[in-house]
Amino acid sequence: MSEPISHSRRDALKQFVMLCGAAGALRSAQAAELPHLAPTDPTAQALAYHDDAKTVDAKQFSTYQPGQTCSTCLQLQGNAGDAWRPCNIFAGKLVNANGWCKVWVKKA
Ligand code: SF4
């Protein structure tokens, strides 16, 4: 049988959960303030970033397969459903969830 959680432990647990929620909200707010990655950015150009995967020329970029977008990439961070989200590859910028670049890796 498990031992009942004491009031002080329960209060501490509640505070911990609230702090985690606040930290997550703060991270989301900070991410929302980041600038959008422009396809003309030198790093974006080097990795063939497109902010709309539908505009990728499959003949020019042979690794591109229809259906690949940032939203299905392992490198995308942030909240599912957000139009612009942080990416591990482009630190300090937000990429379009419908975008694509040469580093695309299928999310597990
Ligand atoms: S690494 Fe993935 S999430 Fe980041 S820009 Fe490229 S395709 Fe999009």
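Predicted, not measured: the structure shown is a model, and the values here were computed from it. Quick note: numbers below take in every heavy atom, side chains included, and nothing from hydrogens, waters or symmetry partners.
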**Ring-ring centroid check Tyr64 Trp100, cutoff 6.0 Å** = yes
**Fill in**
Here the gap from Cys87 atom SG to Gln77 atom CD, rounded to the nearest 0.5 Å, amounts to 8.0 Å
**Request:** Test side-chain hydrogen bond (donor to acceptor under 3.5 Å, both in side chains) on Thr72 and Trp104 and set out the steps.
**Result:** CA-CA 8 Å; Thr72 60; Trp104 184 91; 3.2 Å; yes
**Asked** Do side-chain atoms of Arg85 reach the backbone of Ala97 as a donor and acceptor pair under 3.5 angstrom?
**Response** no
**Request:** Can you measure from CG (Asp51) to CG (Leu94) and round to the nearest 0.5 angstrom?
**Result:** 12.5 Å
**Prompt:** What distance do Asp52 atom CG and Asn98 atom CG have between them, rounded to the nearest 0.5 Å?
**Reply:** 6.5 Å
**Message:** To check you understand the geometry: which heavy-atom pair defines the closest contact between Ala44 and Ala38, and what is its length?
**Reply:** CB-O, 3.3 Å
**Message:** With heavy-atom distances below 4.5 Å as the criterion, would you say the side chains of Val56 and Tyr49 are in contact?
**Reply:** no
**Closest heavy-atom pair and its distance - Gln68, Thr63** = OE1-O, 3.6 Å
**Side chains of Leu74 and Lys106 in contact at under 4.5 Å (non-hydrogen atoms)** = no
**From Ile89, Thr69, Asp82, Val95, residue fulfilling side chain to side chain contact (heavy atoms under 4.5 Å, CB included) relative to Leu76** = Val95
**Prompt:** Can you tell if the side chain of Asn96 reaches within under 4.5 Å of the side chain of Cys70, non-hydrogen atoms only?
**Reply:** no
**Prompt:** Is it true that Val103 and Phe61 fall in one hydrophobic cluster, defined by side-chain heavy atoms closer than 4.5 Å?
**Reply:** no
